[in-house]
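One structure below.
Below, each value reflects all heavy atoms present in this structure, side chains not excepted, and no hydrogens, waters or symmetry copies. Just so you know, these numbers come straight off a predicted model, no measurement behind them.
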Amino acid sequence: MHISIPVTEELADTLGGRYVLYSVYLEGFILFKVRYRDLHFWDEQMHDIFGNELPAFPPKHYLAMTKSMAEDRRLMLEQYLQEVVTNPVLSRSDILFKCFKKLQLETFRIPSIKVILKVYLPDGRLVKVDSETSDTAERVLEAALYKLNLSRELMEHFSLFITHKDTNAVFSVMKRVAPFEIPFITIWNIKNDSFQIDIRKWYMTPSTDAILMGCTAAVDLLYAQAVQELEMNWCKPTEQQTTALKHLIKTDNKGKFLELMQQVEHYNYQRLDPCSSDYLDGTTMVTVSVGNDELYCSFQTSDNKSEIIRLHISKVTRWHVMHYAFLLSTWLKKMLSEQPVTKESLEILDNKTSANTRKR
């Protein structure tokens, strides 16, 4: 998860005083707006529970701030929130969920009312979730998977995602919805019917499939996503495998299909939308996939020159993040979390890039 505060507003309060309103973004999507004093009050409450586990909060200034001081505070607040949401204890705490829920509802002035939230599966099936506009992603996911009869102990292997289909029906995963986000607000903010909330796998290690094979509902979800990714050419079966897989789809043999997919190159890789790159030449397009402990980059120039670069995750200890690289960073972090790698070996720098890639 990546927090940024790219926008601030200086406003007047009811007494004529001035204050700064910070727009907090999560992976390129606005999460909430908040004042310094409100975050400071929340930090004090958190300290009563977690003590020194909390990162340092930006200090108060009792005199008017200069532009330089205001910018320093913005950066420190950004770093503070980044450390909080990436801390596995703090980010799962009830007090964080309550605070972030309150801020989201207040920012967008959304009343808490009952709604039917539409959640989709990879094969297009719709799950209508009895929900409230204030329900967090954790609550919505739990309710949706309950309707699908998924065992509670297996729920951690799935997550909610925002997905998109363009006018040519090209499918893209846009972002993971964090457990403390309110999906109703996230999708409402986008205001575009081509975006929707999907349930998808939330693990990068293909062998994890085996843990879920004893649950019919889980097998259905794995099968639906695997067929979808096969049809989108995210994986690379041989001709013989393709013939066998088509037969298993025709006969609805989900178990054998998933068993064979384990042998298919790039099974369970997550692919991002093509981007332009300055590698090779100024016209190069690159398609990036993440999986099987590697970063797989396929470069193609306008004159049909091509090159493949494969980087093993053990070689990745640092990367720079820009807006359109948030999802890539999410997958890399998830893949690293499933490896025996210490957190200290990983450094993420937001709002910068070392690859000079941009969205097509």
Side-chain angles (χ1 to χ4, degrees), residues 1 26-27 85-98 100-101 104 114-163 173-187 196-229 254-255 257-258 261-262 267-268 270 290-291 327 330-331 333-339:
M1 289 184 281
L26 179 66
E27 297 182 346
V85 301
T86 53
N87 182 301
V89 175
L90 302 178
S91 64
R92 302 294 299 181
S93 65
D94 287 342
I95 189 171
L96 182 141
F97 270 63
K98 289 177 182 177
F100 280 20
K101 175 190 281 193
Q104 289 173 81
K114 294 185 181 299
V115 292
I116 302 296
L117 196 62
K118 295 179 179 180
V119 178
Y120 292 86
L121 307 184
D123 58 5
R125 282 179 291 162
L126 170 64
V127 181
K128 294 182 178 180
V129 179
D130 295 318
S131 177
E132 294 191 5
T133 52
S134 59
D135 282 342
T136 62
E138 182 178 64
R139 162 70 180 83
V140 172
L141 177 65
E142 182 178 309
L145 293 177
Y146 178 79
K147 292 193 75 169
L148 295 172
N149 297 315
L150 188 87
S151 301
R152 177 178 288 273
E153 62 269 19
L154 300 179
M155 290 184 179
E156 66 181 277
H157 299 295
F158 297 92
S159 187
L160 298 181
F161 292 84
I162 301 298
T163 66
V173 177
M174 304 304 297
K175 74 180 294 286
R176 178 185 179 236
V177 185
F180 52 72
E181 278 186 83
I182 298 177
F184 176 85
I185 292 179
T186 302
I187 202 72
Q196 64 186 35
I197 303 169
D198 283 17
I199 296 175
R200 300 181 68 79
K201 291 193 295 187
W202 180 230
Y203 57 87
M204 301 296 292
T205 306
S207 60
T208 303
D209 282 5
I211 300 173
L212 292 86
M213 294 305 290
C215 174
T216 301
V219 169
D220 285 344
L221 286 170
L222 299 185
Y223 176 77
Q225 185 169 334
V227 170
Q228 179 199 41
E229 293 176 359
K254 298 175 183 178
F257 177 89
L258 290 169
M261 284 296 289
Q262 290 284 332
Y267 171 58
N268 210 48
Q270 300 305 310
V290 185
L327 184 61
T330 295
W331 292 127
K333 282 276 284 184
K334 183 61 176 173
M335 193 159 58
L336 277 167
S337 74
E338 297 173 5
Q339 306 299 311

Could you walk me through whether Met204 and Val290 pass the side-chain contact (heavy atoms from CB on, under 4.5 Å) check?
-> CA-CA 9 Å; Met204 301 296 292; Val290 185; 3.9 Å; yes
Before accepting this row, confirm whether a basic side-chain N of the pair Arg176/Glu27 lies closer than 4.0 Å to the acidic partner's carboxylate O.
-> no
Tell me, with the steps shown, if Gln228 and Arg200 meet side chain to side chain donor-acceptor pair (under 3.5 Å).
-> CA-CA 11 Å; Gln228 179 199 41; Arg200 300 181 68 79; 2.8 Å; yes
List the atom of [X], the atom of [Y], and the distance in Å for their closest heavy-atom pair.
X	Y	value
Val219	Leu212	CG2-O, 4.0 Å
Tyr267	Ala226	CE1-CB, 4.0 Å
Ile182	Asp135	CG2-O, 3.5 Å
Pro183	Val177	CG-CG1, 4.4 Å
Ala178	Ala137	O-CB, 3.2 Å

Any side-chain heavy-atom pair of [X] and [Y] under 4.5 Å:
X	Y	result
Leu222	Phe158	yes
Ile211	Tyr203	no
Asp130	Lys114	no
Thr216	Asn149	no
Gln270	Glu229	yes
Cys215	Leu150	yes
Thr136	Phe180	no
Tyr120	Thr163	no

With rounding to the nearest 0.5 angstrom, report the [atom1] to [atom2] distance, [X] to [Y].
X	Y	atom1	atom2	value
Leu96	Leu90	CG	CG	7.5 Å
Leu117	Lys128	CG	NZ	12.0 Å
Arg125	Asp123	CZ	CG	4.0 Å
Thr133	Gln104	OG1	CD	11.5 Å
Phe184	Glu132	CZ	CD	11.5 Å
Leu126	Gln196	CG	CD	9.0 Å

Using side chain to side chain contact (heavy atoms under 4.5 Å, CB included) as the criterion, point out the one residue from Leu160, Ile197, Val129 that pairs with Leu141.
-> Leu160
Name the orientation class of the two ring planes belonging to Phe161 and Trp331 (parallel below 30°, tilted from 30 to 60°, perpendicular beyond 60°).
-> parallel
Do any pairs count as a salt bridge (charged side-chain N to carboxylate O under 4.0 Å, His left out) and have a residue in residues 150-162, sequence neighbours left out, and if so which ones?
-> Glu142-Arg152
Taking only residues at least two apart or on different chains, which pairs with a member in residues 207-222 satisfy salt bridge (charged side-chain N to carboxylate O under 4.0 Å, His left out)?
-> Lys201-Asp209, Asp220-Lys254
